[in-house]
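Just so we're on the same page: letters track the sequence lines, and every chain starts at 1.
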Amino acid sequence: MLSVKGLRANVGDKEILKGLDLEIGPGEVHAIMGPNGSGKSTLSHVLSGRDGYTVTAGSATFEGHDLLELEPEERAQLGLFLAFQYPVELPGVNNTYFLKAALNSLRKARGEPELDAVAFLRLIKEKLKILHLDDSLLKRAVNAGFSGGEKKRNEIFQMALLEPKFAILDETDSGLDIDALRVVAEGVNALRSPERSMIVVTHYQRLLDYIQPDYVHVLAHGRIIRSGGKELALELEEKGYGWIDAELAA
Amino acid sequence: MTGASAVEDIVKSEYEHGFTTQIESDTLPPGLDEEVVRAISQRKGEPEFMTEQRLKAYRHWLTMREPEWAAVDYPRIDFQAISYYSAPKRPEDMPKSLDEIDPLLLETYNKLGIPIEEQKALAGIAVDAVFDSVSVATTFRATLAEAGVIFCSISEALHDYPELVKPYLGTVVPYTDNFYACLNAAVFSDGTFVYVPKGVRCPMELSTYFRINARNTGQFERTLIVAEAGSYVSYLEGCTAPQRDENQLHAAVVELIAMEDAEIKYSTVQNWYPGDAQGVGGIYNFVTKRGDCRGARSKISWTQVETGSAITWKYPSCILRGDGSVGEFYSVAVTKGRQQADTGTKMIHIGKNTSSTIVSKGISAGEGRQTYRGLVRIGQRAEGARNHTQCDSLLIGDRCAANTVPYIEVKNPSAKMEHEATTSKISDDQLFYCRSRGLTEEDAVSMIVNGFCKEVFNELPMEFAVEAQKLLSISLEGAVG
């Protein structure tokens, strides 16, 4: 589904990703763990098309499309979704209105009919139910004045509504207390399906107590240095990230 | 015959003559002197007092100097090169077809979904029949007459109700007020008169759109709205479609008077031609708008969406004279391309427990330049006055500019004043966030800008708000990138 090969990317003159390989099949959930500054967020941003990164080598294809050639909205239209580490506030823009515009813009691009207000509200109600959320967030402006937990929940809600084929959760657990973490993780689990793949980027193992990944990768110094099953996450939890440098130095 | 039914009769009798003012057949040569002022008054068949007022204004104007304090640049206007009275253009002098009109303008019309016949009228092309709105207008007038509301051109009003016009005209904006208001007082061409009798709630939003003739009276327009005690009226001015006009200088004067417990809501969507990409040919819009909350607990609310004109110089203001009166100013101003705007408001608190609210949203894109200029004055006697001002600027791109110049004068220690101001740019983060959800960059910009303006759009009557949002989106297309 997603195939990343030898990906190198710079921020300014500084190389952050240094030849990254990643293969993700349909329905798979991959966790990417790593210390601060290892390139986790850069990977998320490069895959979703954020400005400010220069890809110097390698490729990223999604269902046969060259991702790196596409604008962010085109990637979204193909079914890619990024849950932001720091969701952005849009003052004055009503959350429901924003979601309707986003969904209809995706539907339009895919040649599907746009949803009218009634159909859209029905859909929203259905999704709220799945995620056990109330509708209080919908009446407010997008992320404006939201608490950290509300912002992350709103991201997951957007994901539920936009139904991406491929979601990248960029440090979705950061800044969440344990209760909020559970709510968000349950939401993510409710959205797992054989057709939907995910990358879960995280610094800590604790998120993976709730979202059980199929594979775990360790990202360090811009490359994936180890891959394994979910037991790798536990090993990291135990040893910390210190051993990586030791191992690389050896 | 009671007073109310007398007014009704007068209003009704008007309909027999139809809805149009008389069309004069001649045009005065360019230039301005006392003869020209007299000639204007004469051609309009005005009462003697009006001729005298015009002459007084003209004589005073000669002693005045063009204001230079606004943060706008334009070549000096040659006031002797302007024709101050022109009959509607003859068809042979007008553009013959849409082919002769700026294609960008036509593109905008199409985006707004304006029918082709209406496009022609807006672009100043000779059309045989102007719309089918005459019947609409007739129904409209009948409803108003029933309520006793007078809504007509100021020329008609001077003819037919001089006793209603004379005590009010020039009492809010005296001819001595400022250079352009003074010029207007001397040479005003036409405009609108609204009179809402005591205790009457005007049954509909009054819109110049229904006054077909208003289309030809743009240059020196004069509007007077009088709301008697306990009445309410909402007035909509302008049109979202960009309007072209051969006259480059527009110096309108609007006076609002609200008596005890009366409320006037005045909404404007101004979208005069801003000129071509270099700013050539755009309208200079130098307007004096002022409301007088004359009675206790009266309320005047200005809402404006300013997207057009090459230069805008405009400060809709409120004089809060009556105790407990309320003034509001909600504004969205957009400058893009080479547009310049120096706009804001004045809230003059005179009465006790008066309150005012100012919400100004300025958006600059391209090489647009914009200044918010506002004055809040709390007089000595204005015990318990309150003001809240919020002044936000949004910049798009890195060649535009926004200034905020708030003046605050407080002479009563019990006043409560709040002032908030922000300047922001549409951030790359915001754009990326929207785009990653599938929105195009243009949709994202329009969504963010509309969100920024929401507090003001909420104040507009419903249909106007929808149109204003659409207009804003179109105005800012291609502003980023």
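Residue Arg435(B) is tested with Ser105(A), Ser48(A), Pro72(A) for a side chain to side chain contact (heavy atoms under 4.5 Å, CB included); the sole match is Pro72(A).
Ring geometry, Phe432(B) versus Phe84(A): the interplanar angle falls from 30° to 60°, so the pair is classed tilted.
The distance from the CG atom of Asp429(B) to the CZ atom of Arg50(A) is 4.5 Å, given to the nearest 0.5 Å.
Interface residue Leu162(A): only side-chain heavy atoms are found under 4.5 Å from chain B. Both the backbone and the side chain of Phe98(A) come within contact range of chain B, each with at least one heavy atom under 4.5 Å from a heavy atom of that chain. With a threshold of 4.5 angstrom between heavy atoms, Pro87(A) approaches chain B through its backbone and through its side chain. Proximity to chain A (any heavy atom under 4.5 Å) is shown, for Cys434(B), by both the backbone and the side chain. Proximity to chain B involves both the backbone and the side chain of Asn94(A), based on heavy atoms less than 4.5 angstrom apart.
Nearest heavy atoms, Val93(A) versus Ile448(B): CG2-CA, 4.2 Å.
Ser436(B) places none of its side-chain heavy atoms less than 4.5 Å from the side chain of Gln158(A). In this structure, Glu71(A) and Thr440(B) have side chains that are not in contact, with every pair of non-hydrogen atoms separated by 4.5 Å or more.
Residue Tyr86(A) qualifies as open at atom OH: its count of foreign heavy atoms under 6.0 Å is 12 or below. Annotation: Arg140(A), atom CZ; neighbour count of heavy atoms from other residues, nucleotides and ligands within 6.0 Å is above 12. For CG of Asp135(A), the number of neighbouring non-hydrogen atoms (other residues, nucleotides, ligands) closer than 6.0 Å is greater than 12. Within 6.0 Å of the CG atom in Asp66(A), the count of heavy atoms belonging to other residues, nucleotides or ligands exceeds 12.
Side-chain contact of Asn143(A) with Tyr433(B): a donor-acceptor pair under 3.5 Å is present, judged by distance alone.
Arg437(B) contributes no side-chain N or O that, together with a main-chain N or O of Phe81(A), makes up a donor-acceptor pair within less than 3.5 Å.
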